[in-house]
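Here the structure comes first, spelled out in structure tokens, and everything after it is commentary.
Every chain is numbered from 1, with letters handed out A, B, ... down the list of sequences.
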2 protein chains.
Amino acid sequence: MAQLAVDVTGRWHDGDVSDPAELLRSSGFRATPQRQMVLQVLREAGDRHLTADDVWRAVNQHYPSFNRSTTYRVLELFSAMGLVQQTRLGDGVAHFEAVDHPDRHHHLVCVRCGTVQNVPADVLREISVRLAERHSFHIGSVDLMIQGECAACRRAASVTRRA
Amino acid sequence: MAQLAVDVTGRWHDGDVSDPAELLRSSGFRATPQRQMVLQVLREAGDRHLTADDVWRAVNQHYPSFNRSTTYRVLELFSAMGLVQQTRLGDGVAHFEAVDHPDRHHHLVCVRCGTVQNVPADVLREISVRLAERHSFHIGSVDLMIQGECAACRRAASVTRRA
DNA sequence: TTATATGCAAAGATTTTGCACCGAT
DNA sequence: ATCGGTGCAAAATCTTTGCATATAA
């Protein structure tokens, strides 16, 4: 995946995250219906992480001409703007969720059954800030993934497969 | 990516991580040259994370019939065995590294230039153990990725693109 | 008006799968 | 001799790109 195909130089939003259209314009981008609908879908999803395809299907339902490639372009833009956080859960597909706080929750992924448990992110806040300071790094998002066996699978001691 | 197509039930290694062949056999798997070479390549890479393709190219050089699909199958097995950790750098490709400690280091990924800084993982040990206990989760690997802007890019305030 | 963003179609990249054969045990 | 593992080839999945058109500002 190419990173930052979009030029966001000096165009980061600094304000009103509640008004998508204004947010886009104030960052120097156009408030197209596609972009607004993508953001809405992501926000309505709450802390469920959607794949690009999930997003596409949701928007496409109300807006049939909405194209897959636009999905990727919009999601890339939002990632660059810091509106959306991209998460990888080890399943080879990118997952996206709206960012309200820079770090919302993290993931325990079971390598047996693929179940994902969310855990609140505040435990990491202090540590990640300290890390960032030490490396003069400006945090966009924090993403912790712990892989292992969930309680059920440990007990079961039997293999569960995932499609 | 399908998870656990391989049956690893009750066959986790408990011992001598230094002898790849014995390690595999004691876990109930066959010690094929392909598997041993993949492990060797990953171990020689130290803390550089290799993509599946990197691994394939390295092994293929000494073993021309070595096939890409075998690469994926072996890496999946090693992940399930906990020998190899899959890390995410936000570039859409899976990266792998040999695991000696359950958590070795984590990553600060610059969304501008793609630079990756490694940071020692011990800061997270306590927290991840606590999290795992709370969720009755058996930790296989811990993977923290912080995305944002590196010091250089913040200063530059100009966009750097990545191929 | 005009540069940005989208739709479309095609290609690219990565990963998975079915099947016949091979080889570690 | 078995059955697990590999090679091969093909497909599936996910994502990116070029270009003409549409549209937000």
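To the nearest angstrom, C1' of D:dG5 lies 18 Å from OH of B:Tyr72. Distance, B:Gln36 CD to D:dG5 C1': 13 Å, rounded to whole Å. When the C1' atom of D:dG5 is taken as reference, atom OH of B:Tyr63 falls 11 Å away, rounded to whole Å. Computed from coordinates, the B:Phe29 CZ to D:dG5 P distance equals 7 Å when rounded to whole Å. Whole-Å rounding puts the B:Trp56 CH2 to D:dC8 P distance at 11 Å. If you measure from atom CZ of B:Arg25 to atom P of C:dA24, you get 10 Å, rounded to the nearest angstrom. As a whole-Å value, the separation of A:Arg68 CZ from D:dT16 P is 14 Å. Atom CZ in B:Phe78 sits roughly 11 Å away from atom P in D:dG5 (whole-Å rounding).
Each of B:Thr70 and A:Ala31 was matched to the nucleotide of DNA chain D holding its nearest heavy atom; the match closer to the 5' end belongs to B:Thr70. Comparing A:Ala21 and B:Pro64 along DNA chain D, the residue whose closest nucleotide (by nearest heavy atom) sits nearer the 5' end is B:Pro64. Summary of the strand contacts: A:Phe66 and B:Pro33 both lie near DNA chain C, and taking for each the nucleotide with the nearest heavy atom, the more 5' one is attributed to A:Phe66.
Contact annotation for B:Ser69: base contact, defined as any heavy-atom pair under 4.0 Å involving a base atom.
On a pure distance criterion of 3.5 Å, a polar donor-acceptor pair joins the side chain of A:Arg73 and the base of C:dG7. Counting atom types as modelled, B:Arg30 pairs a side-chain N or O with a base atom of D:dC3 as donor and acceptor under 3.5 Å.
Checked against C:dG7, D:dG5, D:dA25, the side chain of B:Thr32 finds its nearest nucleotide in D:dG5. Distances from the side chain of B:Val74 to the nucleotides D:dA25, D:dT6, D:dG4 place D:dT6 closest. Closest to the side chain of A:Val93, out of C:dT6, D:dC14, C:dT15, is D:dC14.
For the OP1/OP2 pair of D:dG7 and a distance below 4.0 Å, the side-chain nitrogens and oxygens of B:Gln34 include at least one atom meeting the criterion.
Under the 4.5 Å side-chain heavy-atom criterion for ILVMFWY residues, a single connected hydrophobic cluster contains both A:Val55 and A:Phe29.
With respect to the salt-bridge test (charged N to carboxylate O, under 4.0 angstrom), the residues A:Asp53 and A:Arg68 qualify.
Remark: of the listed residues A:His49, A:His95, A:Gln117, A:Gln147, A:His49 is the sole one forming a side chain to side chain donor-acceptor pair (under 3.5 Å) with A:His107.
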Give the intermediate values and the outcome of side-chain hydrogen bond (donor to acceptor under 3.5 Å, both in side chains) for residues B:Asp54 and B:Thr51.
CA-CA 5 Å; B:Asp54 292 334; B:Thr51 64; 3.1 Å; yes

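If you check the side chains of A:Ser141 and A:Asp143, you find no donor sitting under 3.5 Å from an acceptor.
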